[in-house]
Chemist: 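What follows is a structure written as structure tokens; I'll ask about it next.
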Amino acid sequence: MQIILMHSRFTQAKSVTLTTKHVLFSVFAFFFLIMLCSAMMAALTLRLASGDVPLLREFVPVATVSDPSVKDKYLKENLAALAIKVGEMQAQLMRLDALGERVQGLAGVKPEEFNFKEAPARGGMEMSSRGPAKELNMSEFQQLLDGMEKDVEHRSDFMNVVETKLMGLKVQAKMLPTIQPVNVTYSASSFGWRLDPFTGRSAFHEGIDFPAPTGTPIVAAAGGVVIAAEFHPQFGNMLEIDHGGDIMTRYAHTSRIYVKVGDIVKRGQHVADIGSTGRSTGSHLHFEVHLKGVPQNPNKFLQAGASQATLAELSKK
């Protein structure tokens, strides 16, 4: 190969002849220069990665760093990050345990049946059909912690929903007329058809009658709002309490009423005294329960309350 060189300073054109040896030497020099630049870039990258450049250090494994102090620093930084993550998870677990204990109490589960403060028992074979156990590397361990953190958050959200639901059910149960309004052992007249004590004809009795001396305390069968506290021609001194959910209770023939319309009464609160006012043959309490304006048998509610009280007593033993 011949190359002709021309320039204004040259008196005549010059030519250079390139042989095969010249071409091979040029190619060899070119590749040698590339390899030299690559080696210099690699050395520079390792130098920076062993320093304080986290971005480069992430791309360079710790095993490639020969300085033991750098390895120790790398491991300490990772352990510190994992310790922070474990501390956050421990705090979340403590909050989840407290939430679980509250839900446990609302659900009526005995503490000894499900103790949140004790780790559940676990076990299994060391060798399984899928082979022996394997050690986790740092990346797998980090992924495991991240997955556990998400699971704890999901379970905490679920427990909050359950707690809210159980709290609502507990409040709703307190609004049901399930406790007997007067402390007597029997009723003189039950719910349903009977002979009217004044006319002797068959008539439907919309409540139950509890006989007791005048002045015997009457308590609210459930919490609610007083919607009537007045004299009625048939019921005498009459008290009505709205318990929400279209449930209302009526207390009739009382001698005295201690609450007024609009008052909020608690479950078991003393609201009136037994008497014999209105259409009555003697001192007693006429007690009614209405659901959506329809009279219901009060015994259904009172018996349910007695069953709950019995279960509560048994659970304490």
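For the single chain, residues carry numbers from 1 onward in sequence order.
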Chemist: Answer whether the closest heavy-atom distance between the side chains of D209 and R194 falls below 4.5 Å.
Modeler: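 Touching, per the 4.5 Å side-chain cut-off.
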Chemist: So, do V289 and L291 sit near enough that their side-chain heavy atoms are less than 4.5 Å apart?
Modeler: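 No, every pair of side-chain atoms sits at 4.5 Å or beyond.
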Chemist: How many angstroms lie between CG in D196 and CZ in F204, if you round to the nearest 0.5 Å?
Modeler: 13.5 Å
Chemist: State, to 0.1 Å, how close A221 and F287 come at their nearest heavy-atom pair, and which atoms those are.
Modeler: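 Answer, listing the atom of A221 first, then F287: CB-CZ, 3.8 Å.
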Chemist: Rounded to the nearest 0.5 Å, what's the gap from CD on Q296 to CZ on F191? Could you check?
Modeler: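 If I round to the nearest 0.5 Å, the distance is 6.5 Å.
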Chemist: What is the minimum heavy-atom distance between V261 and A229, and which atoms define it?
Modeler: CG2-N, 3.8 Å
Chemist: Test your reading of the model: is there a side-chain donor-acceptor pair from S283 to the backbone of A212, 3.5 Å cut-off?
Modeler: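 Here the side-chain-to-backbone pair exists.
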Chemist: Please report the interatomic distance CG(N297) to CD1(I208), rounded to the nearest 0.5 Å.
Modeler: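 Going from the CG atom of N297 to the CD1 atom of I208 covers 7.0 Å.
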Chemist: Tell me whether the rings of H253 and H286 are parallel (<30°), tilted (30 to 60°) or perpendicular (>60°).
Modeler: perpendicular
Chemist: At what distance, to the nearest 0.5 angstrom, does NE2 of H270 lie from CD1 of I218?
Modeler: 7.5 Å
Chemist: Less than 4.5 Å apart, side chain to side chain, heavy atoms only: is that true for V184 and H284?
Modeler: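 Not touching, per the 4.5 Å side-chain cut-off.
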Chemist: I'd like to know if the side chain of T277 and the backbone of G236 have a donor-acceptor N/O pair within less than 3.5 Å.
Modeler: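 Checking the backbone N and O of G236 against the side chain of T277, no donor-acceptor pair under 3.5 Å is found.
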Chemist: Do the side chain of T178 and the main chain of F301 share a donor and acceptor less than 3.5 angstrom apart?
Modeler: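 No: the side chain of T178 does not pair with the backbone of F301.
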Chemist: Specify the closest pair of heavy atoms between L195 and G200, including all atoms of both residues, with the distance to one decimal.
Modeler: CD2-O, 3.5 Å
Chemist: Among Ile, Leu, Val, Met, Phe, Trp and Tyr joined by side-chain contacts under 4.5 Å, find the other residues sharing a cluster with I264 and list them by chain and number.
Modeler: V225
Chemist: Quick one: side-chain hydrogen bond (donor to acceptor under 3.5 Å, both in side chains) partners of K292, sequence neighbours excluded?
Modeler: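 Residues passing side-chain hydrogen bond (donor to acceptor under 3.5 Å, both in side chains) with K292: none at all.
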Chemist: Do F235 and E240 have side chains that approach each other closer than 4.5 Å (heavy atoms only, starting at C-beta)?
Modeler: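 No. Closest side-chain heavy atoms not under 4.5 Å.
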Chemist: Once you round to the nearest 0.5 Å, how far does CZ of R279 lie from NE2 of H232?
Modeler: 12.0 Å
Chemist: Compare every heavy atom of G215 with every heavy atom of S255, then report the nearest pair and how far apart it is.
Modeler: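 Closest heavy-atom pair between S255 and G215: OG-N, 4.2 Å.
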Chemist: May I ask you to test the V226-I257 pair for a side-chain heavy-atom distance under 4.5 Å?
Modeler: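 V226 vs I257: side chains apart.
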Chemist: Nearest 0.5 Å, please: how far is CG in L285 from OG in S187?
Modeler: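 Between S187 OG and L285 CG, I get 11.0 Å after rounding to 0.5 Å.
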Chemist: Backbone N or O of V182 within a donor-acceptor pair of the Q180 side chain at under 3.5 Å?
Modeler: yes
Chemist: So, using side chain to side chain contact (heavy atoms under 4.5 Å, CB included) as the criterion, who are the partners of R256 when residues are at least two apart?
Modeler: Y258, D273
Chemist: Any side-chain heavy-atom pair from Y251 and I241 closer than 4.5 angstrom?
Modeler: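 Yes. Closest side-chain heavy atoms under 4.5 Å.
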